[in-house]
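Before any comments, here is the structure.
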Amino acid sequence: MAAEAEDAGSCCEITHYVAEFVEKEFGSDPKSLKKLPQITEELALYKRNLEEQVLTVSSEVPKKIENAFKNAENSKRLLSDLLEKNATLSKSISSHLETAQPWMEELKVSIGQIEEIERHLWYLKWISQIEELSDCIQQHLMTNSVSDAANTLVSMAELDIKLQESSCTHLLNFIRSTVKFWHKILKDRLTNDFEEVLKQLHWPLIGPPQSQILAGPSAANSAELNNNLETLFIQLLKLQMSDELVTKRKQLPEKYEVPPSLPIAIPIQLMLLPLQKRFKYHFSGNRQTNTLNKPEWYLTQVLMWIGNHIKFFEEKIQPIIDKTGCSLDAKLEFSRGLVMLVLEKMSADIPRLLYDDGLFCHMVDEILLFEKELHSAYGYPNNLPSCMHILSEETCFQKWLTVERKFALEKMDSVLSSEAAWVSQYKDIADVDELKAPDCAETFMTLLLVITDRYKGLPTAARKLQFLELQKELIDDFRIRLTQVMKEETRSPLGCRYCAILNAVNYIAAVLADWADNVFFLQLQQAALEVCGARKTMTELQLGQLASLESSVFDNMIDLLERLRYDMLTRQVEHVFREVKDKAKPYKKERWLFLPSQSDQAVMSLSSSACSMLLTLRDLLLQLEQGLCHSLFKSFWQMLSEKLDLFIYEDIILANHFNEGGSAQLQFDMTRNLFPLFAHYCKRPENYFKQVKEACVILNLNVGSALLLREVLQTASGKMTDAVAYSEQPTAIAALNEIGVYKLAPQDVEILLNLRTNWPSTGK
């Protein structure tokens, strides 16, 4: 049954296909039957092709299957042969390994013995080489060839370094003790000779460079001294490698995180010795010069020593170093040695200063002055150990932050309570007093600038960011104080103090915006980006804004200050607007409907009811122009003009009807009296009163133009379908633009036209 159903289904499909084919080829047109022979021939050809393909496939498939079967048989036979060979070879290998195993054991023992003998031989060779070098040094010293002995010691030191990876501890101890032995002998011998030469040169050079010429050696001994100095200096330099191997370097505790640096060259170490002795004599123990409240004594002394000797190192020592091909900077090596004395002294004194704010603050001040002089005058690099690394130690740094915060807050208190707090220092100098910043704002920003200069030299960005946070706290604290003072002055928002507070807010925001583009703060912004990204304390949007420089490290502070500035300006605008609005009451009640026409008046004059309003406006503008800086006053009058424009338009113009005389009087009052009050501040004040200006234009159109305009507006609005009206709208706007009306909408103009009373009796 299933087969019959399947056959029936196939038959239906064929029938359906044939029906579609006939319908497609012949359709309902009897003429298309002419194509029947051609179609019959094409189908017969198609049938023959299909039969040939079936015959071809039926004949080729058995051949391919037969070939595949033969290939499989061959592969199976080859695999069997390979397996047999593999089994035979495996047996042969196993048999060979069993036979060779005893030989392998014996050979392994022999190889181990050979390797042991080779190690012993190399051990003896190393010892022999060390002894040869030691004998060579001894022979050179016996013949007084100190330079050759130093060269040989360099070779021995290189051998010591080469053997550092060896596990032969006794050999390493032997070569290290040998290096130490000869290094001490050579160094002691050269040191005595070098110190004798320095003594003849009157070293150290105490006193300024100009006095050192008189103390110098005579011309006869000068050449010999210079030769001896050069020879001994070069020989001592050769001991540098061995000195680093056998001498343990003195280092500061790890908590100071002093960056690693190369040891100071031996000859310069020897030149530093007498100065180190003097330093310790004067600035340690119970000496009167060793006092906690006078850190400037030892700091100034070190700077004097650097200044006194810098010429000697540049003219005498640096040429000697250059001859050896070394990259040492003589004066920098000397400065490094003296700076290390300062660091050691600071690390000893600071723990005793942490409990006295005055002494600690004084020490920090002196250290910062020392650092500034050291870097600017003597070119001391920032990547070398400096006093800032000592100040960056956690305990010391937190104390520094605390002291800075304390003294900054005290300074803010004293500044805000002074009599001159709200007076500009440059009030009598117009060119300088552009921002009209009061003394308290100037002093506060100077305080922030000084703090920036103080922490700018800190070695790590993390420490700088902590100081930046302190600055932000101080800015926010000062803003809050300004807000508190401002609230006390809200009853007189046009007063001098209120204006001074507003100027201060504007000044601080402007300075912070300038600082945001400073390279130093941009670098801090990048550091803050990395820190915040690592801690995930900011959103991806905030991180993106920081990275793209769309925002700055002061953005939050600037936003708060600008918000305060806007609120204060708004309060001033509202106050002035209320004053003017109150004085405008008579002007609002003017009888615009009954005023005489312009032709009936000899000369147009200001409406008497507007005098009080305009005089009040003028006086208040002058008062605020004197009290506010230019940018603030510009914002003020623009905000005020916007409110006045809306007030006059809605409360005066739209609230009245106008005859011809009333329209002319309104236009005269506005264009010849109100607008000129603002002409002192911009070239086209009427652009800030667009609604009033355009309303005057509409009210003063001649009757014919007004009738035509009203007809155009009515045609474009209410008397047609919406679709037609929309298509006519551009015509209405074009008509308004033609008479100078751009802001008012057509509906507003229609209202204004209806306020006119001077229509002809036959008009619509």
Side-chain angles (χ1 to χ4, degrees), residues 576-621 640-679 685-686 688-711 713-714 736 739-741 743-764:
V576 172
F577 179 68
R578 283 196 304 269
E579 291 282 333
V580 175
K581 187 177 179 181
D582 184 62
K583 299 295 183 181
K585 289 179 180 178
Y587 194 62
K588 289 173 63 175
K589 298 177 181 178
E590 186 70 58
R591 297 165 62 88
W592 302 103
L593 198 57
F594 305 103
L595 292 180
S597 65
Q598 187 174 0
S599 59
D600 295 337
Q601 301 182 56
V603 178
M604 290 286 289
S605 61
L606 175 66
S607 298
S608 58
S609 57
C611 291
S612 179
M613 174 185 72
L614 295 180
L615 283 173
T616 300
L617 178 59
R618 182 200 66 182
D619 293 341
L620 294 179
L621 285 172
L640 179 62
S641 63
E642 183 179 352
K643 292 184 71 68
L644 286 175
D645 182 43
L646 186 63
F647 166 69
I648 295 172
Y649 177 71
E650 291 183 348
D651 288 31
I652 296 178
I653 296 177
L654 295 182
N656 289 284
H657 286 76
F658 297 84
N659 64 359
E660 183 181 354
S663 299
Q665 185 63 49
L666 176 69
Q667 185 173 35
F668 181 82
D669 292 343
M670 297 296 106
T671 59
R672 301 293 298 275
N673 294 278
L674 175 64
F675 298 169
L677 285 180
F678 293 87
E686 63 273 12
Y688 294 90
F689 295 89
K690 289 184 177 178
Q691 294 180 105
V692 172
K693 181 187 74 170
E694 293 180 1
C696 289
V697 170
I698 299 299
L699 293 175
N700 285 276
L701 281 175
N702 60 54
V703 176
S705 300
L707 285 170
L708 182 60
L709 178 62
R710 185 164 67 175
E711 184 178 350
L713 295 177
Q714 289 175 348
L736 292 175
I739 61 174
V741 176
K743 183 175 180 61
L744 296 177
Q747 297 84 350
D748 299 327
V749 174
E750 284 193 77
I751 294 172
L752 288 170
L753 288 172
N754 291 331
L755 298 179
R756 293 171 56 123
T757 61
N758 56 330
W759 298 107
S761 58
T762 57
K764 294 182 181 180

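Side chains are part of it too, since the values below use all heavy atoms of this structure and drop only hydrogens, waters and symmetry mates.
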Which atom of Met613 lies closest to which atom of Ala584, heavy atoms considered: SD-CB, 3.4 Å
Pair Ile653-Leu699, side-chain contact (heavy atoms from CB on, under 4.5 Å): steps then yes or no: CA-CA 10 Å; Ile653 296 177; Leu699 293 175; 4.1 Å; yes
Minimal non-hydrogen separation, Asn659 against Gly662, with atom names: OD1-N, 2.6 Å
CG-CD1 distance between Leu701 and Ile739, expressed to the nearest 0.5 angstrom: 4.5 Å
Side chain to side chain contact (heavy atoms under 4.5 Å, CB included) against Lys589, all qualifying residues, sequence neighbours excluded: none
Worked verdict on Thr757 versus Trp592 for side-chain contact (heavy atoms from CB on, under 4.5 Å): CA-CA 10 Å; Thr757 61; Trp592 302 103; over 6 Å; no
From CG (Leu644) to OH (Tyr688), nearest 0.5 Å: 14.5 Å
Distance-minimising heavy-atom pair for Cys611 and Leu606: SG-CD2, 3.8 Å
Short side-chain to backbone donor-acceptor contact, Gln667 and Asn700, under 3.5 Å: no
Lys693 NZ to Leu674 CG distance, which is reported to the nearest 0.5 Å: 13.5 Å
Heavy-atom pair of closest approach, residues Leu736 and Leu744: CD1-O, 4.2 Å
Residues Glu686, Met670; criterion side-chain contact (heavy atoms from CB on, under 4.5 Å); working and verdict: CA-CA 9 Å; Glu686 63 273 12; Met670 297 296 106; over 6 Å; no
Heavy-atom pair with the smallest gap, counting every atom of Ala664 and Met604: O-CE, 3.7 Å
Approximate separation, where rounding is to 0.5 Å, of Asn656 CG and Leu666 CG: 9.0 Å
Between Ser609 and Glu590: side-chain donor-acceptor atoms closer than 3.5 Å: yes
Within-4.5 Å side-chain heavy-atom neighbours: Thr616 and Val576: no
Gap between atom CZ of Arg710 and atom CD1 of Ile698 - 0.5 Å precision: 12.5 Å
Minimum-distance pair of heavy atoms, taken over all atoms of Tyr649 and Val692: N-CG2, 4.1 Å
Validation row: Leu595, Phe658 side chains within 4.5 angstrom (heavy atoms): no
Test item: Tyr587 and Leu614 side chains (from C-beta on) under 4.5 Å apart, heavy atoms: no
Gln691 side chain near Asp748 side chain, heavy-atom distance below 4.5 Å: no
Flag side-chain contact, heavy atom, 4.5 Å: Leu707 against Pro760: yes
Which residues share a side chain to side chain contact (heavy atoms under 4.5 Å, CB included) with Arg672, sequence neighbours left out: Phe668
Atom pair CG (Asp669) and CZ (Phe675), whose distance is rounded to the nearest 0.5 Å: 10.5 Å
Full working for side-chain contact (heavy atoms from CB on, under 4.5 Å) between Leu640 and Val580: CA-CA 10 Å; Leu640 179 62; Val580 175; 5.7 Å; no
4.5 Å side-chain heavy-atom contact, Leu753 and Trp759: yes
